[in-house]
2 protein chains.
Amino acid sequence: MSVQQPQTQSLSAQLLRGNLFAEQCPSREVLKHVTSRWGVLVLVALLGGTLRFSDLRRKVSGVSEKMLAQTLQWLEGDGFVLRKSYPVVPPHVEYSLTPLGQDVGVRVQELADWIEHHLPSILQAREEMNRTDITK
Amino acid sequence: MSVQQPQTQSLSAQLLRGNLFAEQCPSREVLKHVTSRWGVLVLVALLGGTLRFSDLRRKVSGVSEKMLAQTLQWLEGDGFVLRKSYPVVPPHVEYSLTPLGQDVGVRVQELADWIEHHLPSILQAREEMNRTDITK
DNA sequence: CATGATACTAACCTTTAGGTGCGTACTTAC
DNA sequence: GTAAGTACGCACCTAAAGGTTAGTATCATG
C-alpha cells in the first residue's frame, strides 16, 4: 500500500472514473438515490412501462405522496426518469425510464428478484442464528 | 387487474414468496440492510476475500466504527456474513461472505460497477437538466 | 512508561429520511 | 352541492440513521 500515488492519479481523475470506496465520490450520492427505500421500488415499477403519479402511488404500496415526489425528482435529476406533464385541467403527468434508467433498473430488479426468491433461505438463516445464539 | 385474489393467495403465502411491492414484506428489511449506505460497500469489499474489522474500516473510507459494527451485524443476521472471532489477547475477528452473501454481493457489485462506469453520463445528464431548466 | 493497535459497546448528540396533514384549481360523479 | 380525484408544494414532526467520544484488556513498540 503506497502512500504516494504513482502516475499522478489525481483525485479528480479518480472521481470522474467513479470509486465507491472513496469518500466524497459523487457516485455515492447516485447510489443513495437508486438504493433508497422508494428508489428501488419506483425503478422496478417503471420497468413495467410508463405510469402516472397516482398509479405509482398505488403500485408502490406504503409510499407517501411527499416521498414519491421527492424520489422521482432525485431519479429525474440523475437522468434515470423522464417526466412528461400535460398542462390540462386535472393535472396529468407521466413518468417513464430513460435508456439510462432502464439500464440501472434492470440491475436493481435483479437484486430485488434475488432477494424475493431467496427470502426463505434468509429467514431460515436468521432463525438458525438465533438458535445458535450462544454468542459467547 | 383483479381485486379478488384467485386461488386463496393468502397474505402469508405472498409474504413467504417475497413481494417487494407489498408493505410489511420482510424482504423490504433485507433490502434495506443490503442497500444501506455501508451495506453495499461492505459486501463489495468482502467479495475480495476475508477481512478483519479494521481492514474493512480502512477500505470503506468514511465509515465510523459504530456503523461498521452495526452493518456487519445486520448482514450477519441475514446470513450474508460469517463472523469468526479468535479469543486472543488483542482481539482478532475475521469477516467473510457466506455462499448466500457471495450471491447477493455479486448483484450488488454489478449495480455498483454500473454506476461507477456510467458516472460521466449521469453527471452529464444532470447538467443538461439544469441547462434545460425552463421548468415551466 | 506512555502510545498505539485491536474489536468492539454504551452514551449522547446531530442530521436526514420519511410521515402527516393542509391547500390548490378544476372536473366528474353521486 | 358535496365529495373525490389529480400532482404536487409547504410546514411541521418523529424516528431512525449516522457521528463522536470515551472506555476496555492486553500486548508490542518506542
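To find a chain, count down the sequence lines: A is the first, B the second, and so on, and within it residues start at 1. Quick note: numbers below take in every heavy atom, side chains included, and nothing from hydrogens, waters or symmetry partners.
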Exercise for the section: Grab the CE-C1' distance between M67(B) and dA16(D) for me, whole Å please. Expected result: 9 Å
Fill in the blank from the handout: Contacts of W38(B) meeting ring pair (Phe, Tyr, Trp, His ring centres under 6.0 Å) (sequence neighbours excluded), chain-then-number -> none
Under 3.5 Å, sequence neighbours excluded: what are the donor-acceptor pairs made by side chains of residues 101-108 of chain A?
residue, atom, partner, partner atom, Å
D103(A), OD2, W114(B), NE1, 2.9

Problem - DNA chain C-proximal residues of residues 31-49 of chain B, any heavy atom under 4.0 Å - result: none
Practice task
With sequence neighbours excluded, tell me which residues meet salt bridge (charged side-chain N to carboxylate O under 4.0 Å, His left out) with R57(A).
Solution key: E65(A)
Completion exercise
Per-nt protein contacts along nucleotides 4-11 of chain D (heavy atom under 4.0 Å; B base, S backbone sugar-phosphate only, - none) come out as --BSBS-B
Practice task
Name all residues meeting the salt bridge (charged side-chain N to carboxylate O under 4.0 Å, His left out) criterion together with R52(A); count only those two or more places apart in sequence or in a different chain, and write none if there are none.
Solution key: none
Exercise for the section: Quickly work out the Q70(B) CD to dA7(C) C1' distance and round it to whole Å. Expected result: 16 Å
Practice task
Report the distance from atom OH of Y86(B) to atom C1' of dC8(C), rounded to the nearest whole Å.
Solution key: 18 Å
Exercise for the section: Calculate, to the nearest 0.5 Å, the distance between atoms CG and NZ belonging to L56(A) and K59(A) respectively. Expected result: 8.5 Å
Practice task
Could you label the plane-to-plane angle of the F53(A) and Y95(A) rings as parallel, tilted or perpendicular, counting under 30° as parallel and over 60° as perpendicular?
Solution key: tilted
Problem - Side-chain donor/acceptor of Q109(A) to backbone N/O of L47(A), under 3.5 Å - result: no
Exercise for the section: Using whole Å, report how far CG of L56(B) lies from P of dT6(C). Expected result: 12 Å
